[in-house]
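Single-structure report; data block below.
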There are 2 protein chains.
Amino acid sequence: MVPLILLTDQPVTTADKTFIQLRQDIVEGVIRPSSKLSETELSTKYAVSRAVIREAINRLESCRLVERKANVGARVVALTQDGLEELYQVREALEGMAARLAAVHMTETEISDLKSLLSTHFETVQSGETYYQEAGDLDFHYRIILGSKNTQLISMLVDSLYHLIRMYRVQLGMAGPRVTTAFDEHRHIVQAISNRDAELAEMLMRRHILYTKQNSQKTLLSHINSQTRM
Amino acid sequence: MVPLILLTDQPVTTADKTFIQLRQDIVEGVIRPSSKLSETELSTKYAVSRAVIREAINRLESCRLVERKANVGARVVALTQDGLEELYQVREALEGMAARLAAVHMTETEISDLKSLLSTHFETVQSGETYYQEAGDLDFHYRIILGSKNTQLISMLVDSLYHLIRMYRVQLGMAGPRVTTAFDEHRHIVQAISNRDAELAEMLMRRHILYTKQNSQKTLLSHINSQTRM
DNA sequence: CTCCCCTATATTGTCGACAATATCACCAAT
DNA sequence: ATTGGTGATATTGTCGACAATATAGGGGAG
């Protein structure tokens, strides 16, 4: 797993590191969905004070990776059909807007970089390396999101939504056979951005996300059917 | 000021109350934009421990009302042209989607309630009560947001974006002369929702927000021009 | 046998103290 | 005079202890 993004390399506190560690453990399923997060337990396990754990849990809550009730405690979110639906609706809205803004604000250099990324992506699709396909897909979306140049939008997508999405993907084992078809959609989006056609870029991105959603929902359904433990 | 929304009346901790109090003081300008939030100072002022203040500040950060740097401290966000622009871009995306979903998910009862709200709103517009116009506008938007039935979307808009928007509105003294024209836009949106035309509802809502943005930006500009202290 | 109440226990919420870090002022050297 | 380094001070980060609340289990009454 590549260290995703690091805008500025500020000093990092223990709480920061604990938060990142906990987030990873939740997303990757080391800490199971719907499981309880005991503060004392975690503080011994990660060898930090409860205050640090509490701060980390608070941040996880604002990422919507855990839910919290006063005087009761925090639980990792459950993976549900409805949750996935809601998640993708928000993603469609935000990332559609990101594509629209990217068509306006991306520099020519950034666009040509995006195009070359697409080329390398094409090659790896043909050779069939599933892992790198995932990474390539992420990279593609990140560049467009960053290209929007809207810090709020970027933060919402990168800091919270995408971790939740990844949690669904990882835990439902979605290495999707959809990658080859997605490639064409990526190509068209880049074309629209390159043409500075904001309207079209947004529409194509929203379509692309809708297709991805349908694919994910199918996977989730079959998961529920095969394993009744949900 | 009406107590906005209270989904479930769970037990409320000191940190909750302090968070809400601080948020109000920031939004209403009791604590000025760009000012520093000293933890010790606030803990004496609000008569709670620093731990409580820290938790409140953390939550304010996830609302994007304050910004934080490790080992340095937290500051209230600054009100800038760019910030307003970014804010409204996100709002357009999210609330457009909310309108789309509301057209699908609102019950007939909720829709007729919305229509009657529109009627009372029309009367107050004619009588010219500016304060209630504001409240009425908020109420209108809230109902549609809630009508989306998407908890993520609702939380993003109600718990963070709208407080930021209100901060801009309150502090720039926007009691806008735009209310009468906005009324027609509201009417058309309701009509689209009533017709279950999701596509149109989204489009009209996005337009409506775009107009509001342009109006806000004008106000902000004249503010900057009149008072150089920014 | 069932239901309710009450107590014991464990967990979260809150607090004050200590450690680590940044900031500012002052001084010296070039 | 300006710049670089150094120390004092104030602020944030972290910790362990105490208080308040929820939960589970047992005992008693109906």
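Remember, predicted model here, so these are calculated numbers, not experimental data. So that the names make sense, note that chain A is the first sequence line, chain B the second, and so on, each numbered from 1.
Listed pair K36(B) / dT12(D) meets the phosphate criterion, a side-chain N or O lying under 4.0 Å from OP1 or OP2. Listed pair R75(B) / dT11(D) fails the phosphate criterion, with no side-chain N or O lying under 4.0 Å from OP1 or OP2. Note on S49(B): a side-chain N or O is less than 4.0 Å away from OP1 or OP2 of dC15(C).
Picking from dG13(D), dC15(C), dT23(D) the nucleotide with the shortest atom distance to the side chain of R54(B) gives dG13(D). Ranking dG13(C), dC15(D), dT12(C) by closeness to the T40(A) side chain, first place goes to dT12(C). Nearest nucleotide to the side chain of N71(B), out of dG13(C), dC15(D), dG13(D): dG13(D). Residue T14(A) has its side chain nearest to dT14(D) when only dT14(D), dG13(C), dC15(D) are considered. In the set dC15(C), dT12(C), dT14(D), the nucleotide with an atom closest to the side chain of A15(A) is dT14(D).
For E41(B) and dT11(D), the CD to P distance is 9 Å, given to the nearest whole Å. With rounding to whole Å, R50(B) atom CZ is found 14 Å from dA19(C) atom P. Atom-to-atom, CG of D16(A) to P of dT21(C) comes out at 13 Å; the value is rounded to the nearest Å. E55(A) has its CD atom 13 Å from the P atom of dT12(D), to the nearest Å. Going from atom CZ of R68(A) over to atom P of dA22(D) covers 15 Å, rounded to whole Å. Distance CD1 (I53(A)) to P (dG13(C)): 14 Å, rounded to an integer number of Å. Atom-to-atom, CG of L42(B) to C1' of dC15(C) comes out at 17 Å; the value is rounded to the nearest Å. To the nearest angstrom, P of dA19(D) lies 18 Å from CD of E39(A).
Partner of E28(B) under the salt bridge (Lys or Arg N to Asp or Glu O under 4.0 Å) criterion, chosen from R169(B), R166(B), R23(B): R166(B).
Summarising the geometry of E86(B) relative to K149(A), their closest heavy-atom pair is OE2-O, 3.6 Å, with the distance given to 0.1 Å.
No donor-acceptor contact under 3.5 angstrom links the side chains of Y168(A) and S216(A), judged on distance only. Between D137(A) and Y142(A), the side chains place no donor N or O within less than 3.5 Å of an acceptor N or O (distance only, hydrogens not considered). For Q81(A) and E85(A), the side-chain atoms include no donor-acceptor pair closer than 3.5 Å.
No engagement by I57(B) is indicated, since no non-hydrogen atom pair under 4.0 Å with the nucleic acid exists. Heavy atoms of L37(B) sit under 4.0 angstrom from primed sugar atoms or phosphate atoms, though from no base atom.
Position along DNA chain C of the nearest nucleotide to A51(A) versus V72(A) favours V72(A) as the more 5'-ward residue.
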